[in-house]
Structures are given as structure tokens and as C-alpha cells.
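Everything numeric in this text was worked out from a predicted model, so none of it was measured. Counting starts at 1 for both ligands and their atoms, following the listed order. The figures that follow rest on heavy atoms only: side chains count, while hydrogens, waters and symmetry mates do not.
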Amino acid sequence: MTKTKIDLKVVLLGYASVGKTCIVTRYTSGQFGDTHTTIGGAFSSKRVVVGETEVLLGIWDTAGTERYQAVNVSYYRRANAAIVCYDLTNRESWEKVTFWAEELTQNEPEIEIYIVGTKLDLIQQGDIKAVPEEEVKQTARRYKAHIFETSSRTGENVSLLFQTIAEDFCKRTNNGTNPVNSNPSNVVNVNTQTQKKKGGCC
Ligand SMILES: Nc1nc2c(ncn2[C@@H]2O[C@H](COP(=O)(O)OP(=O)(O)OP(=O)(O)O)[C@@H](O)[C@H]2O)c(=O)[nH]1
């Protein structure tokens, strides 16, 4: 049986301390703990399976601090999906969502945008949402973006977010065969019989 392998580049963008690094750490190592301010960008990867397709997610975490903003262009260039984060409890962090969505739409119109409200556990503990849901939906409609709410502390919706990104990408590109939004040089067909057996999801 043939299995297709495709690469998918994902970039995380958003205001400082919204929890970008924690999303990546939760997803790639299942942990939540202390983080340091990201300087420049940090790369990690994880393999997911979508039907008969193996998707290698290359994940770029970027710095939220204003002074690194210009550098982030090099991280989102040729990305297939962008996770644009804001802290559900912090209005100031929301203002950056429009900034990044606008910038991506102008510079990389093929990128699929996922607006992600982070720190959902704080809302579940009684904190008030800083941005009304209708406003989030309006912005999402404007940029044809998807909406997620996650907690890296509890892990809620974190794996679902990346799995959805992979599934959407496979649908959009017909498992990587549509060159519009995939990198054809990174699409290979492999015979699974000659491959080492891999665990379910990495
Ligand atoms: N309660 C709660 N706190 C979180 C969550 N995610 C992140 N944090 C906290 O938010 C702070 C910032 O998290 P980071 O992941 O470093 O944020 P970042 O967006 O990568 O920050 P920069 O590198 O400065 O851009 C840390 O103190 C985390 O513990 C979450 O889901 N729930």
C-alpha cells in the first residue's frame, strides 16, 4: 500500500507572553512548564497521520517581543498555516491578531490562518474573556480564519488544533498533490512495506 508523505510548515505568531512556546511544548512533548522569552525563532517538528498520508509538521515558534517583529517575516515566509495567538484574558494581545492577519494576507495570501485564544483554563476558573466572541468571529470572517481556544496548562484542544491544521491542509492540497499550497518537491510516495513501523502519531 502506498503512503504519501508531505511537509507542512506552520508558524506561530502573536503578542509577547500569549503562550506560543507553551502550545508547541505541550504538543511536541506533552508538558507544561517554565518557558523563556523566545529570541528570533525556534523550530520543532512532529509527524501526524491523516488517512493514508503522513504529514511532517515543521513548527516555527516566533518571538512576540516588538523588537523582533521585523524578523518574523523570515519565519512565516512560505508557511502553509499560521497560528495567530492571543491571550483570552488580555485585550492588548488581541490587537496584534489583526496586525498579523493583515500582514499575512498581504504577504503570503496562501497561508491558512488559525486564530487561537490561549489560556482557556483561566476562563474556566472564572476570568472574563477580554474580547467578545462576536468580535473574534467578525475578524475570523474577514481573514477567512479558523477559531480555536486552547489551554496548554490542561492540554485542552492543543492536539486537536494541529491535527485539524494537518487535515485541512491535506483536503486543500488533495494530499499534497495540488501545487498551489504545497511544496511539490517535498511530496514523496513511499512503499510502507519498506518503511520502519512508526508509532501512531510520532
Ligand atoms: N494559565 C495558563 N498560563 C499559560 C498558558 N500558556 C502559557 N501560559 C503562561 O504564559 C506565560 C508565557 O508563555 P510562553 O509560552 O512563554 O509565551 P510566548 O508567547 O511564547 O512568549 P514570547 O516568547 O515572549 O513571545 C508563561 O508564564 C506560561 O506559563 C495556559 O494555557 N494557561
Take Glu103 and Lys96, measure what salt bridge (Lys or Arg N to Asp or Glu O under 4.0 Å) needs, and give me the verdict at the end.
-> CA-CA 10 Å; Glu103 174 141 341; Lys96 271 279 166 219; over 6 Å; no
A student comparing Asp121, Thr118, Asp61 should find that the heavy atom closest to atom 30 (C) of ligand 1 comes from Asp121
Any protein heavy atom < 4.0 Å from atom 25 (O) of ligand 1 | yes
Begin from the C-alpha positions of Asp87 and Lys119 and carry the test salt bridge (Lys or Arg N to Asp or Glu O under 4.0 Å) through to its verdict.
-> CA-CA 6 Å; Asp87 176 340; Lys119 310 188 187 179; 3.3 Å; yes
Under 3.5 Å side-chain donor-acceptor pair for Asp61 and Thr21 | yes
Heavy-atom contacts with Thr37 under 4.0 Å: which atoms of ligand 1 show up? List them by number with element.
-> 23 (O), 24 (O)
Carboxylate-amine/guanidinium proximity below 4.0 Å for Glu110 and Arg172 | no
How far is atom 23 (O) of ligand 1 from its nearest protein heavy atom, and which residue and atom is that?
-> Thr38 N, 2.7 Å
To which protein heavy atom is atom 19 (O) of ligand 1 closest, and what is the distance rounded to 0.1 Å?
-> Lys20 NZ, 2.8 Å
Should we count CD of Glu95 as having more than 12 external heavy atoms under 6.0 Å?
-> yes
At what distance is the nearest protein heavy atom to atom 13 (O) of ligand 1, and which residue and atom is it?
-> Gly19 CA, 3.7 Å
Answer yes or no: is there a donor N or O on one side and an acceptor on the other, between the side chain of Asn90 and the main chain of Ser93, under 3.5 Å?
-> yes
Nearest-neighbour protein heavy atom for atom 16 (O) of ligand 1, which is reported as residue plus atom name and distance = Thr35 OG1, 2.6 Å
Any atoms of ligand 1 less than 4.0 Å from a non-hydrogen atom of Ser151? List them with their elements.
-> 31 (O)
Does an N or O from Gly64, backbone or side chain, lie closer than 3.5 Å to an N or O of ligand 1?
-> yes
Check whether any heavy atom of Leu122 sits under 4.0 Å from an atom of ligand 1.
-> yes
Using 30° and 60° as the class limits, which term best fits the ring planes of Trp94 and Tyr86: parallel, tilted or perpendicular?
-> perpendicular
Results of ring-ring contact (aromatic ring centres under 6.0 Å, His included) for Trp60 - residues two or more places apart only = Phe43, Tyr75
May I ask you to identify the nearest protein heavy atom to atom 31 (O) of ligand 1, giving residue, atom name and distance to one decimal place in Å?
-> Ser152 N, 2.8 Å
How close does the nearest protein non-hydrogen atom get to atom 21 (O) of ligand 1, and which residue and atom is it?
-> Ser17 N, 3.0 Å
Answer side chain, backbone, both or neither: which part of Val18 comes under 4.0 Å from ligand 1, heavy atoms only.
-> both
In terms of residue, atom name and distance, what is the protein heavy atom nearest to atom 15 (O) of ligand 1?
-> Cys22 N, 2.9 Å
Among protein heavy atoms, which lies nearest atom 10 (O) of ligand 1, and at what distance?
-> Lys119 NZ, 3.1 Å
Please name all residues satisfying ring-ring contact (aromatic ring centres under 6.0 Å, His included) with Tyr15, sequence neighbours left out, ordered by chain then number.
-> none
Sidechain-backbone polar pair: Asn80 side chain, Lys9 backbone, donor-acceptor under 3.5 Å = yes
